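Proteins come first, then strands; the chains are lettered A, B, ... in the order of their sequence lines, and each starts at number 1. Values reported hereafter were calculated over all heavy atoms of this structure, with side chains retained and with hydrogens, waters and symmetry mates removed. As the structure is a prediction and not an experimental result, all values here were calculated from the model.
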There are 2 protein chains.
Amino acid sequence: MSDRLPPRAERRRRTEERILGAARALFAELGFERTTIRAVARAAEVDPALVMQYFGSKQELFRLAARVAPPPAAGLDADELVGHLLGTLDTKIGALSQGSLAMMRSMLTHPEAAAAAREVLGRQIDSLAASIPGDDARLRAALMTVVMLGVTVGHQLLELEELRTAPQEEIARLLRPSLRALTGQEVS
Amino acid sequence: MSDRLPPRAERRRRTEERILGAARALFAELGFERTTIRAVARAAEVDPALVMQYFGSKQELFRLAARVAPPPAAGLDADELVGHLLGTLDTKIGALSQGSLAMMRSMLTHPEAAAAAREVLGRQIDSLAASIPGDDARLRAALMTVVMLGVTVGHQLLELEELRTAPQEEIARLLRPSLRALTGQEVS
DNA sequence: GTCTATAAAGAGATAGAC
DNA sequence: GTCTATCTCTTTATAGAC
């Protein structure tokens, strides 16, 4: 145990992180089924057996790679709400986190990804519903959530030409009144 | 060649149709990768080799099973447009055609399904854009399309609780102003 | 025409050498 | 600790018996 950076643990941590990064990228691009342990290992420049050694199974590797950050806190009014949702359209550089993309890519075909998606979307619905008045707040919140889901799927995963080439602000500008309508507020 | 229903051709046609039906159901539920020729054959009560004999490959079977009806013609005003879109929310009985569901289930993970989805959505965008005025008609049409996509994915494929339990008319009622806003019309 | 048997390929996972 | 080699399983697809 030298008291410089301990090469053992530190190197291991970095290798794990490199593998996870490669896994995120491949899962996000290809989905669970078409991504192989071998391909992840190749991309991370390690031996396939090492991936298994570190993560135990492909399933577990996916579980860690597709982990998604919890949505930011709630307690906003309707205007702030819409602004925040539109802000998540960070088409800009890194787009969505690779982890979220990995989860979304497989959410229609992989049971565990589907469960994760339902949970994340459910939390977003809870969060939005808390800021919307009325009996139908939950349904409105669910619709706002799937509207954003549709835009994200169309843009990031299907890469529809019309959305890919439009500036983010333009999309946000057109979407804002549409989301506002779902909050049940009158047009201000 | 008797001149009653020729048993040969007719029986073959029916068997093909039974296989296609089973394939649609399984592809719609599980997606391309997790659906096996064996499972399709079992569901259709035929021999796996027969499926291959009739359709040549799993790819070709999917191509036929995931064929989707072309969208109905255009030429409507904005109001009719929104009404028509909301009408396609046929949550009622058969939901969407099994073929469309099969295509959508795999659109994020199967290259051919993705291409088919882009084509179908592209045609819908064309159709909608023709009825919307303004320079940004195509972007507006694309947003309307992905909004409906998000609702359908959330409802039919992810089966989000809030959408599953809501009556179709309620969803349509809340969604209408939101879609209207995307057409660029003033609220009437 | 229909099915049995099998070929061929690719995957995840594991045991043991170094 | 890392990798070589392999095991085992499952799949699509095919060839040939009946």
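The line from NE2 of A/His110 to CG of B/Leu108 is 14.5 Å long, rounded to the nearest 0.5 Å. Of the inter-residue distances, the one linking A/Leu160 atom CG with B/Leu139 atom CG reads 11.0 Å to the nearest 0.5 angstrom.
Between B/Arg14 and B/Glu10, at least one side-chain N (NZ, or NE/NH1/NH2) sits under 4.0 Å from a carboxylate O, which counts as a salt bridge. In this structure, A/Glu60 pairs ionically with A/Arg63, as a charged nitrogen and a carboxylate oxygen lie closer than 4.0 Å.
With contacts defined as side-chain heavy-atom distances shorter than 4.5 Å, the pair A/Leu163/B/Leu143 qualifies.
Rounded to whole angstrom, the span from the CZ atom of A/Phe55 across to the P atom of D/dG1 amounts to 17 Å. The CD-P distance, from B/Glu60 to D/dT14, rounds to 13 Å in whole Å.
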(message) Using a 4.0 Å heavy-atom cut-off to protein, can you give one letter per nucleotide of nucleotides 3-18 of chain C, 5' to 3': B if the base is in contact, S if only the sugar-phosphate is, - if neither?
(response) BB------SBSB----
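For the OP1/OP2 pair of C/dG1 and a distance below 4.0 Å, the side-chain nitrogens and oxygens of B/Tyr54 include no atom meeting the criterion.
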